[in-house]
Amino acid sequence: MHLLVCGGTGCRASASDSIIEKFKTEIAAKGLENDVQVILTGCFGFCEKGPIVKVLPDNTFYTQVKPEDVAEIVAEHVIKGRKVNRLLYIDPTNQEKISDAKHMGFYRKQIRIALRNCGVINPENVDEYIARDGYHAIGKVLKEYTPAQTIDIIKKSGLRGRGGGGFPTGLKWEIASKNAADQKYVVCNADEGDPGAFMDRSVLEGDPHSVLEAMAICGYCIGATQGVIYIRAEYPLAITRLKIAIKQAREYGLLGKDIMGSGFDFDITLRYGAGAFVCGEETSLIHSMEGLRGEPTNKPPFPAESGYLGKPTNVNNVETFASVPVIILKGADWFSSIGTEKSKGTKVFALAGKINNVGLIEVPMGTTLREVIFEIGGGIKNGKKFKAAQTGGPSGGCLTEKHLDTPIDFDNLIAAGSMMGSGGMIVMDEDDCMVSIAKFFLEFTVEESCGKCAPCRIGNKRLYEILERITNGEGTMEELERLRNLSLVIKDTSLCGLGQTSPNPVLSTMDNFYNEYLAHVNDKKCPAGQCKSLMKYVVEPEACVGCTACARNCPVNAISGERKKPHLIDTAICIKCGACIEKCKFNAISIK
Amino acid sequence: MSHIKVELKQEQVAKLKEICKSFDNEAGELINVLHKTQETFGYLPAEVQEVIARELNISVAKVYGVVTFYSFFTMIPKGKHPISICTGTACYVRGAEKVLDEFKRILDVKVGETSPDGKFSLSCLRCVGACGLAPVVSVGEKIYGRVSPDGVKDILKEYE
Ligand SMILES: Cc1cc2nc3c(=O)[nH]c(=O)nc-3n(C[C@H](O)[C@H](O)[C@H](O)COP(=O)(O)O)c2cc1C
Ligand code: SF4
Ligand code: SF4
Ligand code: FES
């Protein structure tokens, strides 16, 4: 019997470490060490209901497990074979308990390719990866295919880069392979700068070997013997797991000199980012790897011609690499049978925000937004109304109700005024103010602009200031006009991808929610009730019973009134924190 | 810029030299050297940067340029209990701003500052990858999920 415990960052934040410890002691106390294995895995994806514990072979899926539940799981399930019903997932549509994850709405529509091993194997044990056909692809490539033949498979599969741009991966490898040089480099971009996205981290935490294997395959194809993974320093767990994986792969002769006796050498080192979004852009990333400020440079020259240390360099994203070994083993036709005409395979999304099932999902390209949000995501939190989903992070745009039935792929998202990006998907409900959302992203861009070129450095700051005035109720119609024009200029004239895409959240919210902008500017009102300067908290005297709950909870003592008499909020002192509304049981406080 | 003057002790300088040496005094390893140094010293005051510049044989300006470019590096010492509020998108739409405001109000410090008693410092970071628990706050190594403005006092109480 196997007990799989999620060791992803989300679940570890809710004590999955001590769950593992407890299982181990409990199992040992019962003398079952030889029959039951406790395995720490990567993310199962269903973070909303974490920590997750899965029992094999019967596939029982326990949700929101606490350390206190461990003894019961061992006594009941492990020893007596009786499921612990209270820890099973309850289907929100019919209140039935589901024990096998296959039947949950969250998993039903998913196909796991890049995430195939996450939540299945122990990422700290190379044998488990090998047992799931790991390192078979590199073996097959070295024995059976020439580099050109391998590149051909990747080209035929239709795999496109998952880091945002969607550039065909096979073609990229071919270009790098044709540039002659004494040394070339394979770089894995694990900078994952989109705030609110955690796809790459989960792959690295849950299945690090798949990335190592793919980098070696890429090295063989383009003629490189050295690989570098550029990873954010904010991902300590992923870094630890990568270090363990590299060490184990070297011990098995799967990295290093003369891999599998083929005469091919390939090794991998790590470089750490230090918290700069622009370093996800490949030319900045390369400068950062060289120990410099991570400022971008003009392309051409492309990294494939002159990259790390001036040598031809092939940069791919984590998820792109993670898809490669399966494509080699199952074939290009298999991969290209999944997805849409121009976007093949699957895409991993980090689903977050106002959605019931926050988590990591992988769906075939062409799945609709409706399926993602209402079937997999389980709909909007607290029964609220869906308003928008932001894809592509600070470079992307929002998809609205009218896009719900659009099949999600690279080209459709661009046509809808957004972009695929690396896979962050933030869901917003009726309470979110879209002008504030645009401002939020602009604040991020202003902070992250490297400052090298003026349109991005100065222009985005101006955009932010205009948005700030609008949300403060000081905006004018001329400024709305200027907001749009300036956005277009910044897009056209910025040096790198950051500035070229940073106005997208502004343009896309203006296109889809122009009325909200108008309400802020003309009526000085925030329809979603989010913009503090535009709202006022008032007590409705008819509804107030004078229970004093609000006054006792107001952090700045802005509320006065006698017991059993209507209370009054002093708007000059009120900091609009909303604490009183939450505390009033009589709905007597409203926002005007 | 930090205006506090720091006297480096002999053994601290020795330790710094050792760190640079472990990366072969290679200029290209500057970022790794800085990571290691910050791990050891907690922050990167000007005096420390000067030693690193000398050891790697590059200008202090270059070291300073790199330190200030990357938000992970800090020239101000963190508090005994560094508090970080996640302001990634998922946490933002689930109310991180209100939580941040409450921390600022109770501690009476701005983002990037340390409380006068040196106990707490306040910073923001972008997505710790626990979006399912949004809004997320971390104090030192410990992560708190689903934090409400009301819950802020209770978190701080744990460190009194
Ligand atoms: C501002 C900016 C940020 C980026 N951030 C990332 C990132 O975090 N991760 C990533 O893989 N690619 C990122 N990219 C895209 C990379 O430049 C590059 O296209 C990608 O790593 C190539 O890999 P792929 O072909 O496998 O997608 C970013 C691009 C820009 C312009
Ligand atoms: S567009 Fe922005 S991030 Fe890119 S080079 Fe210009 S200033 Fe730097
Ligand atoms: S909590 Fe509501 S009912 Fe009670 S005093 Fe305040 S406004 Fe009146
Ligand atoms: S946005 Fe806060 S943890 Fe991801």
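Chain naming here is simple, since letters A, B, ... match the order of the sequence lines and numbering starts at 1 in each. Both backbone and side-chain heavy atoms feed into the values below; hydrogens, waters and symmetry mates do not.
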Which of the residues [options] is involved in the greatest number of heavy-atom pairs with chain A at under 4.5 angstrom?
options: B:K62, B:E29, B:Q38, B:K98; result: B:E29
options: B:A130, B:C91, B:C131, B:P149; result: B:C131
options: B:V136, B:T68, B:V128; result: B:V128
options: B:S71, B:A27, B:S138, B:G145; result: B:S71

* **B:Y92-A:E443 side chain donor-acceptor pair, cut-off 3.5 Å** =>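 B:Y92 vs A:E443: no donor-acceptor pair found between side chains.
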* Asked: Without hydrogens or angle criteria, can the side chains of B:D117 and B:S115 be said to hold a donor-acceptor pair below 3.5 Å?
  ->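 Looking only at side-chain atoms, B:S115 and B:D117 do form a donor-acceptor pair, the distance falling under 3.5 Å.
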* Asked: With a cut-off of under 6.0 Å to the ring centre and 45° to the axis, is A:R293 in cation-pi contact with B:F69?
  ->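 No.
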Could you tell me which of [options] has the largest number of non-hydrogen atom pairs under 4.5 Å with chain B?
options: A:V358, A:L360, A:N553; value: A:V358
options: A:M428, A:E582, A:Q390, A:K381; value: A:K381
options: A:Q530, A:R271, A:R232, A:E205; value: A:R271
options: A:G359, A:C47, A:G10, A:A274; value: A:A274

* **B:I52 and B:I19, any side-chain heavy atoms less than 4.5 Å apart** =>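 Heavy-atom side-chain distance check fails, nothing below 4.5 Å.
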* Closest approach of A:K439 to A:T471 (non-hydrogen atoms, all atoms of both residues) ->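 Of all heavy-atom pairs spanning A:K439 and A:T471, the closest is NZ-OG1, 3.4 Å.
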* Asked: Can you name the nearest heavy-atom pair linking B:N25 to B:K21, along with the distance?
  ->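 Heavy atoms of B:N25 and B:K21 come nearest at OD1-CA, 3.0 Å.
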* Asked: Quick one: do B:R146 and A:E48 make a salt bridge, cutoff under 4.0 Å?
  ->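 A:E48 and B:R146: salt-bridged.
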* To do: Identify whether the distance between the nearest side-chain nitrogen and carboxylate oxygen of A:D429 and A:K354 falls below 4.0 Å.
  =>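 Looking at A:D429 and A:K354, the cut-off is met.
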* Counting a contact as any heavy-atom pair under 4.5 Å apart, which residues of residues 190-200 of chain A contact chain B? ->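 From residues 190-200 of chain A, the residues near chain B are A:P195, A:G196, A:A197, A:F198.
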* Of the backbone (N, CA, C, O) and the side chain (C-beta and beyond), which part of A:P555 lies under 4.5 Å from a heavy atom of chain B, both, or neither? ->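 Both parts, backbone and side chain.
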* For A:C11, is it the side chain, the backbone, both, or neither that has a heavy atom closer than 4.5 Å to a heavy atom of chain B? ->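 Neither part.
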* Asked: Atom CD in A:E290, atom CG in A:L285: separation rounded to 0.5 Å?
  ->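 So the gap between those two atoms works out to 10.0 Å.
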* Asked: At what distance, to the nearest 0.5 angstrom, does CZ of A:F277 lie from CZ of B:R126?
  ->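 Rounded to the nearest 0.5 Å, the CZ-CZ separation comes out at 10.0 Å.
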